[in-house]
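In what follows, a structure is listed as structure tokens, so that the remarks can point back to it.
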Amino acid sequence: MTRTVYVNGDYLPETEAKVSIFDRGFLMADGVYEVTSVLGGKLIDFDGHARRLERSLNELDMPHPPELGEMLEIHRKLVTENGIEDGLVYLQITRGSDGDRDFAYPARDTRPTVVLFTQSKPGLADSPAAKTGMRVITIDDVRWGRRDIKTVQLLYPSMGKMMAKAAGADDAWMVQDGFVTEGTSNNAYIVKGNKIITRALSNDILHGITRAAVLRFAREAQMEVEERNFTVEEAKDADEAFVTSASAFVMPVVQIDDAVLGDGVPGRVAPRLREIYLDESLKAAI
Ligand code: PMP
């Protein structure tokens, strides 16, 4: 099926959408993105993603996108036009192009490139991996130092996913100075006793929208949350582990490298948090 996509104000069949070869997103990875999940035809945590988008644009001194209300309208129109029940809306804004390649930014009034498309994922919230849990490997975190900005520089996370695949695992956790930063496309957590431990926010990790919601729900449910660095050894010795992201929600991790956690099946905390997150997010979906 040909999707309808959005490019700079136009809704077009995907086969007719065009972006300049001089676009700085293409030449320099000079762009930011957001992924918002859709469940039952509704957007999950749209406001959180819109706020982070604004922050990413500010941090890179990029012109602002269409205003929030218009963004929401574009998201909704694509969901409806493409008949998305469960799936994702991908949004990307780049610094655009002034028709040539140059390291210096083009003039500030250069039109940014705004692209949105949908991905249909029937049964997104019923992933079998949520029942069995994921296996992760650990790899060096060699990304740049501003991981808090959600840029389209995804080559190393892609390489990480390929390393995981080659090792027969599902994903990779990245490690800096012995401490876990985050997963290739998710935030990482361990559970010890009744304590949920996850790295604190800084430039070292993406400020996950799902992370913010899950930690809020965990605290509301009287669970103890500790935001601090944890080592790979500590993770391997944990009772449970899990990751969060807009598309995976809360996903249990049952193995880290060769270390099997607990009984090798999802424990008590991650499945409970997944349930709470999905319930609450569906209630607030727009
Ligand atoms: N960390 C990284 C590196 C990611 O790519 C993502 C997903 N975009 C996340 C964390 C999770 O963020 P969110 O919950 O906002 O999807």
Side-chain angles (χ1 to χ4, degrees), residues 34-37 44-49 51-52 55 125 127 129-131 133-136 138 141 147-150 170-256 259 261-263 265-285:
E34 282 296 330
V35 177
T36 304
S37 63
I44 303 293
D45 224 333
F46 175 80
D47 283 351
H49 290 283
R51 270 200 305 276
R52 183 173 61 191
R55 179 179 182 277
S127 157
K131 303 218 165 49
M134 288 171 31
R135 286 180 298 162
V136 301
T138 56
D141 196 338
R147 303 157 191 161
D148 56 311
I149 309 173
K150 195 164 169 64
D170 303 298
D171 203 354
W173 278 12
M174 294 178 281
V175 179
Q176 177 173 293
D177 302 326
F179 296 102
V180 174
T181 51
E182 57 188 335
T184 58
S185 61
N186 43 57
N187 290 113
Y189 308 73
I190 57 172
V191 180
K192 293 229 173 201
N194 286 324
K195 216 178 284 171
I196 298 164
I197 302 160
T198 193
R199 196 177 176 104
L201 296 182
S202 71
N203 292 351
D204 293 340
I205 61 168
L206 187 72
H207 302 187
I209 301 307
T210 320
R211 176 190 184 281
V214 164
L215 292 187
R216 191 174 70 244
F217 296 142
R219 287 180 172 122
E220 281 169 12
Q222 314 301 328
M223 297 181 193
E224 202 180 329
V225 176
E226 216 172 88
E227 294 181 66
R228 63 159 173 88
N229 286 359
F230 61 87
T231 63
V232 174
E233 289 65 38
E234 200 179 359
K236 288 180 178 175
D237 192 40
D239 300 325
E240 281 185 52
F242 63 94
V243 297
T244 63
S245 77
S247 54
F249 313 114
V250 178
M251 194 61 79
V253 168
V254 293
Q255 188 173 333
I256 301 169
L261 305 189
D263 302 326
V265 292
R268 211 169 30 83
V269 175
R272 177 79 190 115
L273 280 175
R274 181 181 175 88
E275 195 179 295
I276 300 175
Y277 175 77
L278 283 171
D279 280 356
E280 294 298 323
S281 303
L282 275 168
K283 271 192 236 159

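These numbers were taken from a predicted model, which means no experiment stands behind them.
The distance from atom CD1 of I196 to atom CD1 of I190, rounded to the nearest 0.5 Å, is 11.0 Å. From Q222, atom CD reaches atom CG of N194 across 12.0 Å, with rounding to the nearest 0.5 Å. The CG atom of N186 sits 11.0 Å away from atom CD1 of I205, with the distance rounded to the nearest 0.5 Å. A distance of 10.5 Å separates NZ in K236 from CG in L261, rounded to the nearest 0.5 Å.
Within 6.0 Å of CG on N203 lie more than 12 heavy atoms contributed by other residues, nucleotides or ligands. Heavy-atom neighbours of R219 CZ from other residues, nucleotides or ligands within 6.0 Å: above the threshold of 12.
Under the rule for a side chain to side chain donor-acceptor pair (under 3.5 Å), D170 has no partner lying at least two apart in sequence or in another chain. Evaluation of the side chain to side chain donor-acceptor pair (under 3.5 Å) rule for S185 yields K161 as partners, not counting sequence neighbours.
Considering all non-hydrogen atoms of both residues, P266 and A130 come closest at CG-O, 4.0 Å. Across L273 and A218, no two heavy atoms sit closer than the pair CD2-CB, 3.9 Å.
Remark: side-chain polar atoms of S37 are paired, donor with acceptor, to backbone N or O of A246 under 3.5 angstrom. T231 places no side-chain N or O within 3.5 Å of a backbone atom of F179 that could act as its donor or acceptor partner. A distance-only check finds a donor-acceptor pair linking the side chain of T181 to the backbone of M174 [under 3.5 Å]. Side-chain atoms of N187 come within 3.5 Å of backbone N or O of L206 as a donor-acceptor pair. Without hydrogens or angle criteria, R274 side chain to V250 main chain gives a donor-acceptor distance under 3.5 Å.
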Given the rule in the salt bridge (Lys or Arg N to Asp or Glu O under 4.0 Å) test, do R268 and D239 qualify, once you have shown the distances and angles that lead to the verdict? CA-CA 10 Å; R268 211 169 30 83; D239 300 325; over 6 Å; no
For R228 and E234, run salt bridge (Lys or Arg N to Asp or Glu O under 4.0 Å): C-alpha distance rounded to whole Å, both residues' side-chain angles, the deciding distance at 0.1 Å, then the answer. CA-CA 12 Å; R228 63 159 173 88; E234 200 179 359; 2.8 Å; yes
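For residues 191-247, every residue pair satisfying the ring-ring contact (aromatic ring centres under 6.0 Å, His included) rule, not counting sequence neighbours, is listed here: Y189-F242.
Within the 4.5 Å cutoff, the side chain of D204 has heavy atoms near those of the R199 side chain.
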